[in-house]
Amino acid sequence: MELKIGRAIIKKGLEVLYEYSDVDVAIVGAGPSGLTAARYLAEKGFKVLVFERRFSFGGGIGPGGNMLPSIVVQEEALPILRDFKVRYQPAGDGLYTVDPAELIAKLAAGAIDAGAKIILGVHVDDVIFRGDPPRVVGLLWIWTPIQMSGMHVDPLYTMAKAVIDATGHDAEVISVAARKVPELGIQLPGEKSAWSEVSEKLVVEYTGKVAPGLYATGMAVTAVHGLPRMGPIFGGMMLSGRKVAELVAKDLTEEV
Ligand code: 48H
Ligand code: FE2
């Protein structure tokens with residue numbers, strides 16, 4: 001029995017890694033923006049891979065508003081909640097409360113059911129560029145526990161036609177690109193102090209391409225464009241995820 005268990009895991013696990021070493025879209029981060037983008041892209045038929053550093057989904061949704069079991073979403077994002085069959089309750093002034101556990105579960109289920117592959121426990125630590133002007137063609141990744149051990153182990157590659165940075169406040173992928181490929185001219189001013197009303201609109205407006213093949217969604221957008229943060233309201237994150245999916249889908253379709 002043990003032999004069969006071990007072999008089943010090794011065979012399928014390696015098959016998955018082999019299959020997903022080349023994808024249409026690699027999304028880094030399984031928070032609200034990354035999971036939303038994954039669903040809308042997979043739904044359009046793209047081969048979508050989500051790498052998530054933790055062994056769980058949801059990013060900042062769970063800790064939400066100072067760990068209380070309720071988060072807020074504004075009216076504009078209700079169509080997305082309905083797409084994912086997430087329930088909401090009116091809280092007045094165009095705001096709605098949502099159960100964070102339900103949102104995490106249903107965003108992830110929506111992405112997976114649409115055909116996206118989520119691989120947990122993966123830390124993305126580098127990007128690959130080719131050509132002149134340079135264009136993203138892939139990522140380098142390592143298992144999170146190895147990265148946390150501090151031991152130097154060379155990472156593996158995943159090639160992608162488009163990469164979406166959905167890593168949240170630190171815009172980790174874009175910050176590597178800014179540092180290692182200075183000719184891209186990417187600036188990272190970092191987020192500014194809170195102004196929810198303004199930020200929820202700006203984060204969606206500024207969502208998009210940062211360099212050829214490289215896109216920002218969610219809080220990564222605020223870091224790259226120096227926008228104010230918004231606190232525990234999550235509509236902008238999902239609207240940003242849906243918008244980046246539309247932009248990437250359009251770009252990839254036009255490039256073919
Ligand atoms: C693999 C990685 C890596 C890496 C990070 O933080 P998130 O929830 O990101 P968003 O942008 O979808 O949502 C932001 C939201 O949660 C939030 O913090 C808000 C609205 N804040 C407002 C405010 O004022 O504070 O998720 C990012 C995910 C996490 O799960 C990370 O573990 C993961 O990305 N991640 N995965 N490789 N290098 N870096
Ligand atoms: Fe946050």
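Both ligands and their constituent atoms are indexed starting at 1 by order of listing. Every heavy atom of this structure was used, including side-chain atoms; hydrogens, water molecules and symmetry mates were not. Values in this document were obtained by computation on a predicted structure and should not be read as measured data.
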_For residues 144-186, which residue pairs pass the ring-ring contact (aromatic ring centres under 6.0 Å, His included) check, not counting sequence neighbours?_
none
*Examine the side chains of Tyr40 and Asp83 and answer whether a donor and an acceptor come within less than 3.5 Å of each other.*
yes
_Selection residues 99-142 - residue pairs positive for ring-ring contact (aromatic ring centres under 6.0 Å, His included), sequence neighbours left out_ = Phe51-Trp141, Trp141-Trp143
_Residue list, side chain to side chain donor-acceptor pair (under 3.5 Å) with Thr217, at least two apart or on another chain_ = Ser240
*Should the ring pair Tyr96 and Tyr88 be called parallel, tilted or perpendicular, given that the plane angle runs from 0 to 90° and is split at 30 and 60?*
perpendicular
*Output yes when the distance from some N or O of ligand 1 to some N or O of Ile61 is under 3.5 Å, and no in every other case.*
no
*Does His169 come within less than 4.0 angstrom of ligand 1, counting non-hydrogen atoms of the residue?*
yes
*asked:* If the test is side-chain hydrogen bond (donor to acceptor under 3.5 Å, both in side chains), which one of Lys161, Lys47, Lys44 qualifies with Asp24?
replied: Lys161
*If you have a sec, work out which protein heavy atom is nearest atom 33 (C) of ligand 1 and how many Å separate them, to one decimal?*
Glu52 OE1, 3.3 Å
*Near the Fe ion (ligand 2), meaning under 2.8 Å, how many protein N/O/S atoms are there?*
1
*For atom 25 (O) of ligand 1, which protein heavy atom lies nearest, and how many Å away is it?*
Arg229 NH2, 2.6 Å
*Where do Leu139 and Val163 come nearest, in terms of heavy atoms and distance?*
CD2-CG1, 3.9 Å
*Report yes if Phe234 has an N/O atom closer than 3.5 Å to an N/O atom of ligand 1; otherwise report no.*
no
